[in-house]
Amino acid sequence: MRTILRVEDLLVEFPTPHGQVRAVNGVTFQLATGERLGIVGESGSGKSMTLLTIMGLTPPPGRIRRGEVWFKERNLLEASPQELRQMRGRHIAMIFQDPMTTLNPVFRVGEQIRESLRVHQYLGEERVPASRRKALEKQRVLRLMAEVGIPAPEERYEAYPHEFSGGMQQRAMIAIALSCDPEVILADEPTTALDVTVQAQIMRLLDQINRQRGTAIVLVTHDLHLATEFCDRILVMYAGQIVEQGPTEAVIRHPKHPYTQGLLGALPEIRPEKTPLMPIPGEIDLAHLPPGCPFAPRCHRAMEACSTPPALLEVEENHQVRCFLYGGLA
Ligand SMILES: Nc1ncnc2c1ncn2[C@@H]1O[C@H](COP(=O)(O)OP(=O)(O)O)[C@@H](O)[C@H]1O
Ligand SMILES: [Mg+2]
């Protein structure tokens, strides 16, 4: 399969009272056309910052210190702000946990979706008369609203975001993301704020989009169970680094990194046989990471070697882990 998005050695730092912290610390991965990739890890592991940086939206005072983000043949980190704006939406779209980061409360939902179409899709199409163009755009918006499962689109077109339920707002945000038929959707915890039933509906919608349109989807979530149900492949992040990655089956059947084992062990539904049900003590503190493996202070398998940083090594086909338990010792 063709690679559509490639992130190379991305490093994003934030200044803090304790010095610079590396929110994203040397992340490398690829996304294939139409693939569903999951990025999982606890809160604070750098998932959102990775997605935002791909989109050219690293929030200040964060700084990109190193790396490349290739969309097809273009390194986005070298693109002009104008080019990036065109990339966003047209080729890569992002959806968020809170739809109100995308929706504007004072405009009608249908008009917001139409605006997004207009900005990207019909840019420069001067030959269609304005009156006709508006009608065409509205038709397209109504089709999109139906596609994302908003009932009675004609009526809902005129509604304001606050008249929508949380699930319907989420669908409207997804309609905006789809308005220009992007090749990649970056979804950052898209269902975390929703109740279980609505969460399942939104995941079905993303599934349908992936199957019918062939859109590649990066699903960022702290919910490993959700990722294993949806994704072809999973990256596990810890303290800004990828600590394990592989096909979903391999990661859940044979988790290698003690951190992944801990995450899986906390999930009775998919806990691999013989994995002890053992919560991971402590939390990530980026400002006080040890010199070696960042997980070592919380790891029940930590050994002397872990005071130097382990490399990401292949343990079976396409399955990689950053842990001295599987080699890499000097
Ligand atoms: N505005 C900010 N100022 C300082 N540090 C930040 C800021 N935003 C994020 N960070 C740092 O980046 C780390 C990763 O954040 P984030 O990517 O949002 O994590 P995740 O999405 O995995 O929960 C955080 O643990 C925090 O240390
Ligand atoms: Mg996040």
Side-chain angles (χ1 to χ4, degrees), residues 6-13 18-30 37-47 49-50 65-67 220-222 224 227-228 231 233-267 270-330:
R6 185 160 64 82
V7 173
E8 282 294 332
D9 197 21
L10 194 63
L11 199 153
V12 179
E13 282 186 338
H18 308 282
Q20 297 285 332
V21 301
R22 295 181 168 182
V24 181
N25 191 4
V27 164
T28 296
F29 70 88
Q30 283 152 31
L37 176 68
I39 304 183
V40 302
E42 289 165 297
S43 170
S45 52
K47 308 181 298 295
M49 228 38 75
T50 301
R65 294 292 179 202
R66 216 166 63 202
V220 152
T221 175
H222 66 280
L224 183 53
T228 61
C231 300
R233 199 156 59 87
I234 290 189
L235 310 185
V236 181
M237 278 188 78
Y238 187 82
Q241 293 186 325
I242 293 172
V243 297
E244 180 157 3
Q245 64 180 348
T248 302
E249 274 301 298
V251 172
I252 61 175
R253 297 270 168 255
H254 319 285
K256 301 290 183 192
H257 200 284
Y259 179 61
T260 315
Q261 290 171 353
L263 289 177
L264 281 166
L267 297 174
I270 48 174
R271 181 150 52 103
E273 271 176 67
K274 289 182 283 182
T275 309
L277 186 61
M278 181 154 42
I280 310 164
E283 56 187 38
I284 303 177
D285 179 3
L286 285 185
H288 300 96
L289 289 179
C293 172
F295 186 61
R298 299 171 66 188
C299 183
H300 69 290
R301 309 275 314 261
M303 47 193 174
E304 224 177 289
C306 307
S307 57
T308 57
L312 198 60
L313 295 178
E314 185 125 323
V315 283
E316 48 186 45
E317 205 185 349
N318 299 322
H319 186 177
Q320 295 162 336
V321 61
R322 190 187 294 282
C323 177
F324 287 119
L325 289 172
Y326 307 94
L329 286 170

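- Here Glu316 pairs with nothing under the salt bridge (charged side-chain N to carboxylate O under 4.0 Å, His left out) rule; sequence neighbours left out.
- When all heavy atoms of Val40 and Ala227 are compared, the pair lying nearest together is CG1-CB, 3.5 Å.
- In this structure the side chain of Leu224 reaches within 4.5 angstrom of the side chain of Ile234, judged on heavy atoms.
- The salt bridge (Lys or Arg N to Asp or Glu O under 4.0 Å) pairs that include a residue from residues 285-294 number zero, where partners must be two or more places apart or lie in different chains.
- No donor-acceptor distance shorter than 3.5 angstrom exists from the side chain of Thr260 to the backbone of Lys256, with no hydrogens or angles considered.
- Atom SG of Cys293 sits about 11.5 Å away from atom OH of Tyr259, to the nearest 0.5 Å.
- Here Leu329 contributes atom CG and Met303 contributes atom CE; the two are 5.5 Å apart, rounded to the nearest 0.5 Å.
- We find the CG-OG1 distance between Leu10 and Thr50 to be 6.5 Å, quoted to the nearest 0.5 Å.
- Listed by chain and number, the residues in a side chain to side chain contact (heavy atoms under 4.5 Å, CB included) with Ser45 are Lys47, Met237, Ile284 (sequence neighbours excluded).
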Passes ring-ring contact (aromatic ring centres under 6.0 Å, His included), His257 versus Phe295? Steps please.
CA-CA 10 Å; His257 200 284; Phe295 186 61; 5.7 Å; yes

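- Evaluation of the salt bridge (Lys or Arg N to Asp or Glu O under 4.0 Å) test over residues 234-252, restricted to residues two or more places apart or in two chains, returns Glu249-Arg253.
- Pairs passing the salt bridge (Lys or Arg N to Asp or Glu O under 4.0 Å) check and including a residue from residues 290-301, sequence neighbours excluded, read Glu42-Arg298.
- Not counting sequence neighbours, Arg322 has no partner by the salt bridge (charged side-chain N to carboxylate O under 4.0 Å, His left out) test.
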Please step through side-chain contact (heavy atoms from CB on, under 4.5 Å) for the pair Ser43 and His222, ending with a clear verdict.
CA-CA 7 Å; Ser43 170; His222 66 280; over 6 Å; no

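- Every residue two or more places apart in sequence or in another chain that forms a side chain to side chain contact (heavy atoms under 4.5 Å, CB included) with Pro290 is listed here: Pro297.
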Would you give me the side-chain donor-acceptor pairs under 3.5 Å for residues 18-30, sequence neighbours excluded?
{"unit_1": "Arg22", "atom_1": "NE", "unit_2": "Glu13", "atom_2": "OE2", "d": "3.4"}
{"unit_1": "Thr28", "atom_1": "OG1", "unit_2": "Asp9", "atom_2": "N", "d": "2.9"}

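- Among all heavy-atom pairs drawn from Pro294 and Gln241, the shortest one is CG-OE1, 3.6 Å.
- In terms of heavy-atom proximity, Ala302 sits nearest to Ala296 at CB-O, 3.7 Å.
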Show me the donor-acceptor pairs within less than 3.5 Å that the side chains of residues 306-315 make with the rest of the protein, sequence neighbours left out.
{"unit_1": "Ser307", "atom_1": "OG", "unit_2": "Glu304", "atom_2": "O", "d": "2.9"}
{"unit_1": "Thr308", "atom_1": "OG1", "unit_2": "Ala305", "atom_2": "O", "d": "3.0"}
{"unit_1": "Glu314", "atom_1": "OE1", "unit_2": "Gln320", "atom_2": "NE2", "d": "3.2"}
{"unit_1": "Glu314", "atom_1": "OE2", "unit_2": "Asn318", "atom_2": "N", "d": "3.2"}

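- One distance of note links CD1 of Ile252 with OG1 of Thr228; it measures 5.0 Å at 0.5 Å rounding.
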